[in-house]
Protein chains: 2
Amino acid sequence: MFNTLHMRSASDLTARARIRDAALTRFGSEGISGTSVRAVAADAGVSPALVVHHFGSKEGLRQACDDYVLDSIRSGDEAATEALGEVLSAATPVRRYLARALLDDTEAAGALFAEIVERTQVWLADGEAEGWVRPTSDSRARAVTYVSWLLAPLVLGDHVGRLLGGDPAETATAVRGARAGLEMLTGGLFADDRWLSAFTEIDRTTRP
Amino acid sequence: MFNTLHMRSASDLTARARIRDAALTRFGSEGISGTSVRAVAADAGVSPALVVHHFGSKEGLRQACDDYVLDSIRSGDEAATEALGEVLSAATPVRRYLARALLDDTEAAGALFAEIVERTQVWLADGEAEGWVRPTSDSRARAVTYVSWLLAPLVLGDHVGRLLGGDPAETATAVRGARAGLEMLTGGLFADDRWLSAFTEIDRTTRP
DNA sequence: CAGAGTATTGAACATCTGTTCAGCCCTGTC
DNA sequence: GACAGGGCTGAACAGATGTTCAATACTCTG
């Protein structure tokens, strides 16, 4: 047997890492409660007992996945927006896991969402000051909505991919969607105020 | 005991309906594989055996939920967009279930997504012809992206709600996000072409 | 080489899972 | 009043699940 302790921290092919990767993939595609410890162990070529030896419990394994994904996103230290863009076009298992975590409303996922929103709000405020972002009546709501729009293709990746071209997770497909989004955000989608004013009208009559 | 066969189809409080409602809620909040037949039965005040008696199996129950949710959305026959808007501000269990179904990539959910995109594309094309929607270079991608933006707050409802105001699923909260979205779509978010052209640049240099 | 410590395993556990089945209760029909 | 039929149940089963535990293999330190 090669691959001893010497190369461990470098190559990241320890049993521990293999288990984490297998869990990431399976948790992402089958869901957390839909994944058995035995299945993860089998994928990693390892006994179920080793999984709990390394991570304490299934819950511990899930948290290890959370930490790994979040760190790999945060590692792109700059604007979280760009780092997120990389993840979006990068490894699909991480994407799927992140989507699942956001839907399951993990504590870690919630913190990440809040963090991204925070940074985005600052980024948009800067842009507003510098004149390349339009002013708004509710900068908080705009940041939240903008971030959820960014995240949407991530969460709905399968459906979007299927309708936009054969291969989901294909770069070209993601690019097509991203361009369409940028067009809407730059030029606007609606040419006049009909929907916005209609909305304002409804809102005013509904509100006390 | 009242509530016999006579009023069944009208009042919809049969054990069968109670089971379906309980399943809808639990499936939505805990996930499908995270929900046990026994838990659904307990919520409905019914024995586990009755669940399988009515729906054949757990899978049958899930399909019944699919059908129910999809029908309740499609029932708003007009533009699916508006019907979806109602659902978004309406019963939360249905929202959560729909989000879960979209992420789990159910066959039914995929069909629904495709259907909404189709109708939206037509709707946008009409608007383009009538002049209140701006032209685009890729009408398909725009429709897909637009729909995923519509669906985003639905899927990420918990996080959006938490950051936008105390009560998630509160109407006021949803309204705040919707207004911010409409502002971006009407006036545009970015005041100049810097991001769009930067994107085009990257796309051209990346592509062969 | 002896010993400490970690990685790793097979077998076993209690519990929970979806599902089956024989039978009860209730209502409407002849 | 006997009969049929469907809603409904309790108990049971086989299998899967998360987790435990004692024991083995391995590597590093002295």
Side-chain angles (χ1 to χ4, degrees), chain A residues 1-66 68 100 104 106, chain B residues 1-66 68 100 104 106:
Chain A
M1 280 294 169
F2 49 100
N3 184 31
T4 65
L5 189 72
H6 302 299
M7 45 191 310
R8 227 168 244 164
S9 56
S11 79
D12 204 296
L13 278 172
T14 15
R16 189 163 201 275
R18 282 197 335 262
I19 293 171
R20 194 231 304 121
D21 288 351
L24 208 72
T25 306
R26 271 218 122 93
F27 282 170
S29 62
E30 330 254 334
I32 291 171
S33 55
T35 299
S36 71
V37 174
R38 281 170 172 82
V40 172
D43 287 357
V46 145
S47 78
L50 189 63
V51 174
V52 53
H53 167 71
H54 275 304
F55 298 94
S57 66
K58 187 185 182 180
E59 169 64 17
L61 179 56
R62 208 223 63 221
Q63 286 200 12
C65 289
D66 268 19
Y68 179 76
R100 196 72 74 161
D104 282 351
T106 306
Chain B
M1 282 291 168
F2 49 100
N3 184 28
T4 65
L5 190 73
H6 303 297
M7 45 190 310
R8 225 167 247 165
S9 55
S11 81
D12 204 308
L13 278 172
T14 17
R16 187 163 204 274
R18 279 195 340 259
I19 294 172
R20 194 232 303 123
D21 287 352
L24 209 72
T25 305
R26 272 218 123 93
F27 283 169
S29 62
E30 329 254 331
I32 291 172
S33 54
T35 300
S36 71
V37 174
R38 280 172 173 80
V40 172
D43 287 356
V46 145
S47 78
L50 189 63
V51 174
V52 53
H53 167 72
H54 275 306
F55 297 94
S57 66
K58 188 186 183 179
E59 169 65 18
L61 178 57
R62 210 223 62 221
Q63 285 200 12
C65 289
D66 269 18
Y68 179 75
R100 196 71 75 160
D104 282 350
T106 306

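Order of the sequence lines fixes the chain letters, A, B, ..., with proteins taken first and strands second; residue numbering starts at 1 for each chain.
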S.K.: Answer yes or no: is there a side-chain heavy-atom contact under 4.5 Å between L50(A) and S47(A)?
M.R.: yes
S.K.: So, does K58(A) use its side chain to make a donor-acceptor pair with the main chain of V52(A) at under 3.5 Å?
M.R.: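 No; zero donor-acceptor contacts below 3.5 Å.
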S.K.: Any chance you could list the contact pattern along nucleotides 13-19 of chain C? Use B for base contacts, S for sugar-phosphate-only contacts and - for none, protein heavy atoms under 4.0 Å, 5' to 3'.
M.R.: ----BBB
S.K.: For the side chain of T35(B) and the backbone of E30(B), is there at least one donor-acceptor N/O pair under 3.5 Å apart?
M.R.: no
S.K.: What I'd like to find out is whether the side chain of T106(A) reaches to under 4.5 Å of the side chain of R62(A), using heavy atoms alone.
M.R.: yes
S.K.: Can you tell me the distance, in whole Å, between the CZ atom of R16(A) and the P atom of dA7(C)?
M.R.: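 Between P of dA7(C) and CZ of R16(A): 9 Å.
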S.K.: Using whole Å, what does the distance between atom P of nucleotide dT9(D) and atom CG of L50(B) come to?
M.R.: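 In whole Å, dT9(D) P and L50(B) CG are 5 Å from each other.
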S.K.: Evaluate the side-chain proximity of T25(A) to D43(A): yes if any heavy-atom separation is below 4.5 Å, no if none is.
M.R.: no
S.K.: What's the CZ-P distance between R18(A) and dA7(C), to the nearest Å?
M.R.: 13 Å
S.K.: Do any side-chain nitrogens or oxygens of H53(A) fall under 4.0 Å of OP1 or OP2 in dT8(C)?
M.R.: no
S.K.: Using whole Å, report how far CZ of F55(B) lies from C1' of dG7(D).
M.R.: 13 Å
S.K.: Kindly indicate whether the side chain of D104(B), heavy atoms from C-beta on, has any atom under 4.5 Å from the side chain of R100(B).
M.R.: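 Counting from C-beta outward, D104(B) and R100(B) do come under 4.5 Å.
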S.K.: Between H54(B) and dG6(D), does any side-chain N or O lie under 4.0 Å from OP1 or OP2?
M.R.: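 Result: no.
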